[in-house]
Amino acid sequence: MFKISKLALLLSAGLLGTNLHAASSVEFVPGKYIGEANGRNGPMKVEVTVNQNKITNIQVLSHRESAGLSDAPLTQLPKEIIERQTLKVDNIAGATFSSQGLIKATQNALSKATKDLSPLLLTTLPVKAKQAMKDEKADIVVIGSGIAGLTAAIAAKEKGSNVLVIEKQGMLGAGDSMNISTGITAGGSKFIQEHGIKGKSTQDYVDHLMKQAKDKGIPINKANVETYARKGGEIIDWLEQLGVPFGRFQEDKYFHITKDGSAPGPHIMKALKAEVEKQGIPYRLNSKATEILSDHGKAIGVEVSTPEGKYKVLSKAVIVATGGFSASPELLKRYAPDWIGRPTTGASSLTGDGIRMAQAIGADTASMEQIKVNYLCHPLTKKDGVSLTAITPYTVLVNHDGKRFVDENHPSINFKSKAMMKQPKHEAYAVVDQKAMDNLKLMRNYADAGYFVKADTIPELPKKLDVNQKAFIETMDTYIKDCKEGLKNDKAFGRKIQYPMLNPPYYAALVTPSMQSTYGGIKTNTKAEALDTKGHVIPGLYAAGAASGHEAYANEVGFAAIIGLTYGRIAGENAADYVK
């Protein structure tokens, strides 16, 4: 007589995909069990408590996920797993790796409590029934909840407007804002002044950007660039007041960096979210804007789609802050065909929604060909990776032949990405020493997650890599010799040696160019007002961040984060004045 497994019974009964009550068919050995798995930034440990047939508690004991980015998955998913008694729960949109880490760690713990987890893995959640949704009203609706969107919402609220924020992901800041990993650029901040840093005033920063554009032949919109450059110091001061822990300054890039070298994105989003809640600004998650409503050429609201149904938000002004289009194959094929099919370090939500919706009511676009390809992407899957950009001033790039191939401090990230694409397998190893790890908390977390390999000496390191070992050792010995001699620039490429590589042990991470960000979008002026194809302002429509085409060319001139923050504030203030 054949034995029929529990899985076979489920399949034959056609029960997969239905709302089974999983716990009733699982027998646990009661107790507490520990499980571990990698999140985005490193190991995650959970303790799961079960009785004979039910999961009763899930506690996250430790993790290294970024504050803010991990809040939703680490608090919501344990509740869902316990409520539904299943591991077949959806990732929190915008925090996929943290979600998967939590679910996997819980699964690993439960595998110690039972011999058969299959019912927990097969059960699915019920589909929410569609229902009639009520329309809402607001003075201003903000589409997108990244640094540009939330800054806009706060600025508008402070000027007395009734604001509503719409976010298609399952958490605030689920686009690229959480992924900001280096620093925030600005001149003339109080931090600069209080630390007596010379030559980094607001005017110095303006001049720096103008010189960058002139030297590279970049056709920037000077008025738009100067507008954000003159307000950047105020933004840094404001973020510090909100609790963002800036504590260091990298002079060559005008970078305001966190005290411990952790990624500033999660700190900024945490501070903005706290201020949004303090100001009582409502926001709707898992709510996708599908259309900007207009009447006689004026923006008057948005249509919104949710898992429960559709509704409209009627407003006097709309601020588009939906991010770029780095995750849109259609738009990449049109504007950046050379980079289709690359892994991405950008958010999966960046599909150009806001740009398309604005175009549908007559908005023009600008700078759509301006993209950022991140050569320091450590691939996790064929489609996804993590950005190691913070190690730029520390790293030496060595290809599979064991040779360097580019000045690692070349000012153009796209130039370095194109150089790497010419290397074997389109890859290289980013090599750093302990100094980088000491200064960059995020990289220490990545090392613990296994993204780097480590060796006490240079001769030991290539044994763990797919490289020509002899050539690798010769290459690194030559560079380290230049460092020991105290050279300001290395002999091979003339690379500026900002952080001499003199502190073993050594680390190496496999990196490859990835599609990260786009910097073209809705054409706007210095007031963040959207312009139509004839150059006229579209009443009531504003744009900020990567959804807007400020013609600032942040892939080559300056950096995008301060543009998003500054024009977010400008959009919020001007929209508030418009609706009065």
Side-chain angles (χ1 to χ4, degrees), residues 68-69 71-73 75-76 80 89-96 99 125 127-154 156-157 161-178 269 272-273 276-277 279-294 299-324 327-328 347-358 360-361 541-547 568 571-572 575:
L69 181 61
D71 292 351
T75 56
Q76 294 179 30
E80 277 197 46
V89 294
D90 293 331
N91 297 324
I92 300 296
T96 300
S99 299
L125 301 182
V127 177
K128 292 184 178 180
K130 299 288 184 179
Q131 56 184 335
M133 304 287 288
K134 292 184 178 179
D135 292 344
E136 297 192 46
K137 290 184 178 182
D139 292 332
I140 299 169
V141 58
V142 179
I143 315 173
S145 68
I147 56 175
L150 293 192
T151 301
I154 293 167
K157 178 68 173 182
S161 292
N162 175 26
V163 184
L164 176 64
V165 178
I166 301 297
E167 170 56 55
K168 74 175 182 179
Q169 299 282 70
M171 55 184 285
L172 296 178
D176 271 354
S177 295
M178 283 289 191
M269 282 308 308
L272 293 178
K273 180 183 178 183
V276 162
E277 293 179 344
Q279 298 276 0
I281 300 171
Y283 55 87
R284 306 285 183 264
L285 302 178
N286 298 306
S287 301
K288 181 181 179 179
T290 56
E291 180 184 354
I292 297 174
L293 306 175
S294 65
I300 60 166
V302 297
E303 184 169 272
V304 182
S305 176
T306 76
E308 289 78 25
K310 295 182 178 181
Y311 66 97
K312 294 177 181 178
V313 180
L314 303 177
S315 65
K316 300 174 184 177
V318 176
I319 299 175
V320 180
T322 51
S328 168
S348 61
S349 61
L350 302 178
T351 51
D353 301 348
I355 300 170
R356 298 178 214 250
M357 287 187 288
I361 64 167
L541 185 61
Y542 300 80

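These numbers were taken from a predicted model, which means no experiment stands behind them.
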Rounded to the nearest 0.5 Å, how far does [atom2] of [Y] lie from [atom1] of [X]?
| X | Y | atom1 | atom2 | result |
| --- | --- | --- | --- | --- |
| Glu136 | Tyr311 | CD | OH | 5.0 Å |
| Glu308 | Ser287 | CD | OG | 8.0 Å |
| Thr322 | Met357 | OG1 | CE | 6.0 Å |
| Lys288 | Ser349 | NZ | OG | 10.5 Å |
| Leu541 | Ile361 | CG | CD1 | 5.0 Å |
| Glu80 | Thr75 | CD | OG1 | 10.5 Å |

Could I get the full list of salt bridge (charged side-chain N to carboxylate O under 4.0 Å, His left out) partners for Lys157, not counting sequence neighbours? none
Heavy-atom side-chain proximity of [X] to [Y] below 4.5 angstrom:
| X | Y | answer |
| --- | --- | --- |
| Ile292 | Val320 | yes |
| Ile140 | Ser315 | no |
| Met171 | Gln76 | no |

Heavy-atom pair of closest approach, residues [X] and [Y]:
| X | Y | value |
| --- | --- | --- |
| Ala575 | Ile319 | CB-CD1, 3.9 Å |
| Ala289 | Ile166 | N-CG2, 4.3 Å |
| Gly175 | Leu350 | CA-CD2, 4.5 Å |
| Met269 | Gly146 | SD-C, 4.0 Å |
| Ile355 | Ala547 | CG1-O, 3.6 Å |
| Gly324 | Ala546 | N-CB, 3.5 Å |

Is the backbone of [Y] close enough, under 3.5 Å, to the side chain of [X] for a donor and an acceptor to pair up by distance?
| X | Y | value |
| --- | --- | --- |
| Glu291 | Leu293 | no |
| Thr151 | Gly149 | no |
| Arg356 | Thr351 | yes |
| Ser161 | Asp139 | no |

Val141 and its side chain to side chain contact (heavy atoms under 4.5 Å, CB included) partner, picked from Val165, Leu314, Val318, Val304: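 Only one of Val165, Leu314, Val318, Val304 forms a side chain to side chain contact (heavy atoms under 4.5 Å, CB included) with Val141, namely Val318.
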Under the criterion side-chain hydrogen bond (donor to acceptor under 3.5 Å, both in side chains), which of Asp353, Asn286, Thr306 is the partner of Lys168?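 Of the listed options, the one satisfying the test is Asp353.
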